[in-house]
Amino acid sequence: MTETQEAGFDWYFDATVVKIEQTDTKKLLVSLDDGTQFQTDRVFVTAGRVGNADKLGLETAGITYNEADIPVDDYLRTSNPHVYAIGDVGGSPAPKLVPTGNYEGRYVAQLIVQKITDPIAFPTMPAVVFGSPRIAQTGIPVAAAEQLGYRVTDVDMSQVITFYRYHDNARIRTVLDQNGRVVGASVIAMEAEELINYFVTAINDKRTLADTQANIYAYPSLGSEFGAFY
């Protein structure tokens, strides 16, 4: 948050917008429920999307749905066993992200041609906020890890040459289970979306720090310091 404030961002926590008015100067006057007011050029509503399943005539195919998505079983089948629902429209527990839809689509294709018969199992999935800096997370979140008694490392990478040369105040938190295996990671960095991918592989491979340090990465690159991330 400090970096965004230095870049000119203002933050208002636990606040609700109650009114937006256009001023004589064509700017927008935003009023919050605590009495705060500020002017801006644009206002964006980023509360998600509204599905249109109710407009697809799903009832005629015997498919049940709700406001958020179409419920599916562990094989991504809807209430009509001949119809599957994946990606944003599907009701699987996985995050509604582009890679999720791709992963589910490949699973259903293999299921239909009987290359696989097991219910779907999701690997760790990264989520990224493409701000400035960017924020990425995958696996077990830090708060949940602390409740489980897992070890959390917090590493400031801003003085490491790979990040220092780009003035990137990168910070990385890694969650390790009782066996020293990587089970979660959170990254704040200018290229967090790239760094988190290293952790995705490490988590899915159930790597320990020693396993990671057994690899040699190209230097200087973002991944070259991966063995020092935790």
Side-chain angles (χ1 to χ4, degrees), residues 12-20 22 28 30 32-33 40 42-132 134-145 147-148 175 183-187 192-197 199-206:
Y12 301 92
F13 294 103
D14 300 318
T16 301
V17 176
V18 295
K19 185 187 295 185
I20 301 175
Q22 190 167 48
L28 298 174
V30 180
L32 305 181
D33 59 352
T40 184
R42 297 285 189 274
V43 173
F44 299 92
V45 178
T46 58
R49 294 169 288 179
V50 178
N52 65 345
D54 59 324
K55 298 179 175 61
L56 301 178
L58 298 178
E59 302 90 344
T60 60
I63 301 173
T64 59
Y65 61 90
N66 54 45
E67 186 176 359
D69 51 38
I70 300 174
V72 295
D73 63 13
D74 292 339
Y75 297 86
L76 305 184
R77 293 177 301 206
T78 66
S79 53
N80 180 336
H82 300 292
V83 180
Y84 299 83
I86 65 173
D88 290 354
V89 73
S92 75
K96 307 302 183 190
L97 303 171
V98 171
T100 303
N102 294 338
Y103 184 86
E104 293 179 338
R106 289 192 295 269
Y107 167 80
V108 169
Q110 294 180 70
L111 193 65
I112 290 174
V113 298
Q114 299 182 338
K115 283 191 174 181
I116 56 176
T117 57
D118 295 330
I120 192 167
F122 292 97
T124 186
M125 292 188 180
V128 182
V129 176
F130 287 89
S132 179
R134 292 167 183 171
I135 303 171
Q137 193 277 328
T138 192
I140 299 176
V142 170
Q147 292 181 351
L148 291 170
V175 177
V183 292
S186 301
V187 180
E193 77 279 17
E194 295 296 339
L195 294 172
I196 204 67
N197 284 331
F199 285 105
V200 167
T201 302
I203 292 172
N204 289 332
D205 289 346
K206 300 180 179 179

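- Taking CG from D14 and CG from L32, the interatomic distance works out to 11.5 Å, rounded to the nearest 0.5 Å.
- Smallest separation of non-hydrogen atoms from A53 and Y65: CB-CD1, 4.0 Å.
- For Y103, the ring pair (Phe, Tyr, Trp, His ring centres under 6.0 Å) test picks out F122, with sequence neighbours left out.
- Distance CD/E59 to OG1/T64: 10.0 Å, rounded to 0.5 Å.
- Rounded to the nearest 0.5 Å, atoms OG1 (T138) and CZ (F199) are 10.0 Å apart.
- Across I63 and S79, no two heavy atoms sit closer than the pair CA-OG, 3.2 Å.
- Minimum heavy-atom separation, V17 to I20: CG1-CG1, 3.8 Å.
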Do any side-chain atoms of residues 68-76 form donor-acceptor pairs under 3.5 angstrom with protein atoms, and if so which ones, sequence neighbours left out?
residue	atom	partner	partner atom	Å
D73	OD1	Y75	N	2.8
D73	OD1	L76	N	3.1
D73	OD1	R77	N	2.9
D73	OD2	R77	NE	2.9
D73	OD2	R77	NH2	3.1

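- Within a 6.0 Å sphere centred on CD of Q22, other residues, nucleotides and ligands contribute more than 12 heavy atoms.
- In this structure, Q137 contributes its side chain and A127 its backbone to no donor-acceptor pair below 3.5 Å.
- For the atom pair CE of M125 and CD1 of I196, the computed distance is 14.0 Å after rounding to the nearest 0.5 Å.
- Rounding to the nearest 0.5 Å places CZ of R106 at 10.0 Å from CD1 of I120.
- Of the options I140, T201, N204, a side chain to side chain contact (heavy atoms under 4.5 Å, CB included) to T124 is made by N204 and by none of the others.
- Under the 3.5 Å distance criterion, the side-chain polar atoms of K96 are matched with a main-chain donor or acceptor of G90.
- Within the model, atoms CG of D33 and OG1 of T16 stand 4.5 Å from one another, a figure rounded to the nearest 0.5 Å.
- Summarising the local packing, CG of N52 is surrounded by more than 12 heavy atoms from other residues, nucleotides or ligands at distances under 6.0 Å.
- Looking at every heavy atom in both residues, A192 comes nearest to A136 through O-CB, 3.7 Å.
- Counting heavy atoms from C-beta outward, Y84 and L111 have side chains that approach closer than 4.5 Å.
- Of all heavy-atom pairs spanning S92 and E104, the tightest one is OG-OE2, 2.6 Å.
- The two residues P126 and N197 have their closest heavy-atom pair at CG-OD1, 4.4 Å.
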